[in-house]
Protein chains: 2
Amino acid sequence: MDKRATSYDVARLAGVSQSAVSRVFSPNGSASKTTRERVLAAAHELGFVPNPIAKSLSLGRSRLAGLVVTQYAQQNYPLALKSAVDLMSETGDALLIQIVDPTDMGDAAIRQLLEKRVDMILCAASISREAAVHCTDAGVPLVMINRQSECAGVDAVCSPNDAIMHDVVDMLHASGARHCVFLGGGGNNWVSAERCRGFVEACTAKGLPEPIVLEDAFTYNGGQSAIRALGASVTNLDAVVAANDAMAIGAMDVLRLDFGLNIPDDIQVVGHDDTETGRFQSYQLTSVRQNMLGIFAKAIELAVSRRNEYRRPDAKITVKNELVERTTTARPTASARDRLAPGTEE
Amino acid sequence: MDKRATSYDVARLAGVSQSAVSRVFSPNGSASKTTRERVLAAAHELGFVPNPIAKSLSLGRSRLAGLVVTQYAQQNYPLALKSAVDLMSETGDALLIQIVDPTDMGDAAIRQLLEKRVDMILCAASISREAAVHCTDAGVPLVMINRQSECAGVDAVCSPNDAIMHDVVDMLHASGARHCVFLGGGGNNWVSAERCRGFVEACTAKGLPEPIVLEDAFTYNGGQSAIRALGASVTNLDAVVAANDAMAIGAMDVLRLDFGLNIPDDIQVVGHDDTETGRFQSYQLTSVRQNMLGIFAKAIELAVSRRNEYRRPDAKITVKNELVERTTTARPTASARDRLAPGTEE
DNA sequence: TCCAGCCTTGCATGCGGATGCAAAGCTTGA
DNA sequence: TCAAGCTTTGCATCCGCATGCAAGGCTGGA
């Protein structure tokens, strides 16, 4: 197995010093036109590619970013992953991924990433305060994604998980829904908790009866079992709002197949995350779409800025999300509303 | 931001040389009990963790593995990813991920990984012969996953994508199905092509009429449009076999919602990959389960062995897969079969 | 008691590239 | 033509750890 060419090899072939080669391959390096040409020719001939490991050691930057995500098969994190990878590779950085079980904290993942000397960490899982402190102690920018951080020096980028619920409640209210149930993931699931809180608040603000809140696994099966637990009382409900699409879809299957209900005529359903599954013809699930690409772009931006300006106020950014209405909800159309007597809506 | 401790810091504190520290942290390093204790105490006090980048430079190994996967939201690659990450971290290695669009070749991804100096590459996407040669030239073991490689020095781990189709055909045949259609992903999709070939061969072997083969996108939408393209002729069919669950599910939705057909009574459906979506109560899709963990374990094993024994015969390993029967197919049960007159089955 | 042989330890160097510093080369204006 | 000032170049060193080599310490057997 042939060793790959080094800058010394290139220098020898080009008849220059190693530092000249290094300068040709550095963005700020000064080199004359002729030197540059001879070096590039030699480099091309030898198939020279600068060794990123040596570069890392010298620069004190690994050009590796860590990403911690929670394992949910039905979440749309494949999309998030792709966003992150693409954004990182734009600047020549690579992504180190850690996947955390939904019921676990991400502390071990953070530790492993720090040991690998990543330059920054994007974390979309719950972690302890100590884990966050480890990052700031090591000077590694940490950005939480869709999660709160109670630790100084840590930035966060979130969808307005709570605020969007006002839109959801407005929509349900306009369609005449009054009694709602919320399906949440429970445990230390920050996203679910925020969505729940937002929903309950929005119901109160809109004058709806306080919704029932059920917690179960943050999955299809969790959605199913939560609805099954309601039993016959489900017929008193007007709408099911779930903290993610997976639970909403689980709920839909039970509502239709076990209880024989019609969606949205008998009961409406709202999910969250706008997954591909929710767009299936069988579901056509009304959901909330997050701007994952925007979230990751912002998160990376924050992490980079943190390197340049270590002591700056912590950022707490939200990236706009959006309610996508499909056929599991039934807001009256403009024409339908016209047919109602004025005032009926209140 | 405080710099992290180095082996020199530890050495100074412990009153030994840097090499002593290095030896304490090396698996084969020799150090007396007292030295070891003093070094470990000093290391603990300083929170010393060996810098993996310096280690990499010194050892010529990055302890980074590259993984190239195709982006399919409805595939179960979240599971595959988790398997790979977990297996790698067992040995202290990390995973660099590259995600390739379904319609693209993975050549750019391979190049990026090589430039990052990964120690090995696991590739579950189509790549050109040249890309594979780049790997072997650079001495980086390349293992293809569920893909053929026509390049010397490259190993491959596959499910028996073709052979399992005999089981599928046996099952369909037993239920009385005769006229089948196969939905494939087309393009340079090796997995789909293998499954298709296997199915057609199995039908021939079993004496069934030659199946219709339709190609479309390897997705839910692709499955839908393929079935829609059949039009009314769909009523002449007994079974739809798809190259993945996503297409099968798209097909199911069109068969039921557009054509009003009953599954499995009017037509049977078989998918592939045993995704979570296929297990939904609404689908209960008969599918083929691959042993992803086993596949990745074997792939990593091959890559590692390739490092130790560079010139060995190329390995071509298959990891057993398994037909999982659910309610979209209807193989007669033993009791049902008893009720049939003997010989009816032939 | 003495020496052979093993275990420990430190020194020096290598891995491959970045960069401060000073010397050398070049441009420009008087 | 010459000096001031800028650019280009090479030298030396650093980044942090691993390891070959040789010196020193230790053990045990004769």
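Residue numbers begin at 1 in each chain, while the letters A, B, ... track the order of the sequences. All of these numbers come straight from a predicted model, not from anything done at the bench.
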Side-chain N,O ([X]) to OP1/OP2 ([N]) below 4.0 Å:
| X | N | value |
| --- | --- | --- |
| B:Ser7 | D:dC17 | yes |
| A:Ser22 | C:dG17 | no |
| B:Ser32 | C:dT9 | yes |
| A:Ser17 | D:dG10 | yes |

(request) Answer yes or no: is there an ion pair linking A:Arg4 with A:Asp9, defined by an N-O contact shorter than 4.0 Å? (result)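 No, no charged N to carboxylate O under 4.0 Å.
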(message) Strictly below 4.0 Å, N to O, side chains only: are A:Lys316 and A:Asp155 in salt-bridge contact?
(response)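 Looking at A:Lys316 and A:Asp155, the cut-off is not met.
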May I ask you to say what [X] touches in the nucleic acid, namely base, sugar-phosphate or nothing, with a heavy-atom cut-off under 4.0 Å?
| X | value |
| --- | --- |
| B:Ser30 | base |
| A:Tyr8 | base |
| B:Val21 | nothing |
| B:Ser19 | base |
| A:Leu57 | base |

(message) Within a 6.0 Å radius of atom NZ on A:Lys298, are there more than 12 heavy atoms belonging to other residues, nucleotides or ligands?
(response)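 Open: at most 12 neighbouring heavy atoms sit under 6.0 Å from NZ of A:Lys298.
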(message) Tell me whether A:Asn291 contacts the main-chain N or O of A:Gly294 through its side chain, where contact means a donor paired with an acceptor under 3.5 Å.
(response)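 Pair found, side chain donor or acceptor close to backbone of A:Gly294.
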d([atom1], [X]; [atom2], [N]) in whole Å:
| X | N | atom1 | atom2 | result |
| --- | --- | --- | --- | --- |
| B:Lys33 | C:dT9 | NZ | P | 13 Å |
| A:Asn28 | D:dT8 | CG | P | 13 Å |
| A:Arg4 | C:dG17 | CZ | C1' | 15 Å |
| B:Arg117 | C:dC15 | CZ | P | 14 Å |
| B:Arg38 | C:dT9 | CZ | P | 9 Å |
| A:Ile53 | D:dA18 | CD1 | C1' | 14 Å |
| B:Phe48 | D:dG16 | CZ | C1' | 8 Å |
| B:Gln18 | C:dC15 | CD | C1' | 13 Å |

(request) Using the closest heavy atom to pick a nucleotide of DNA chain C for each, name whichever of A:Pro50 or B:Val16 lands nearer the 5' end. (result)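 The residue closer to the strand's 5' end, by nearest nucleotide, is B:Val16.
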(request) Using heavy atoms to find the nearest nucleotide of DNA chain C for B:Ala54 and A:Ser26 separately, return the residue whose nucleotide is more 5′. (result)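 Closer to the 5' end of DNA chain C: B:Ala54.
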(message) Here's a test of your reading of the structure: between A:Thr34 and B:Leu59, which maps to the more 5' nucleotide of DNA chain D?
(response)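 Upstream on the strand: A:Thr34.
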(request) Look at the side chain of B:Arg23 against the base of D:dG20 and say whether a donor-acceptor pair falls under 3.5 Å; ignore hydrogens and angles. (result)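 Per atom types, the contact qualifies.
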(message) Testing the 3.5 Å rule here: is there a donor-acceptor pair between the side chains of A:Thr35 and A:Ser32?
(response)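 Judged by distance alone, the side chains do pair up.
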(request) Quick one: do B:Ser30 and B:Arg23 satisfy side chain to side chain donor-acceptor pair (under 3.5 Å)? Show the steps, please. (result) CA-CA 6 Å; B:Ser30 69; B:Arg23 289 191 173 101; 5.1 Å; no
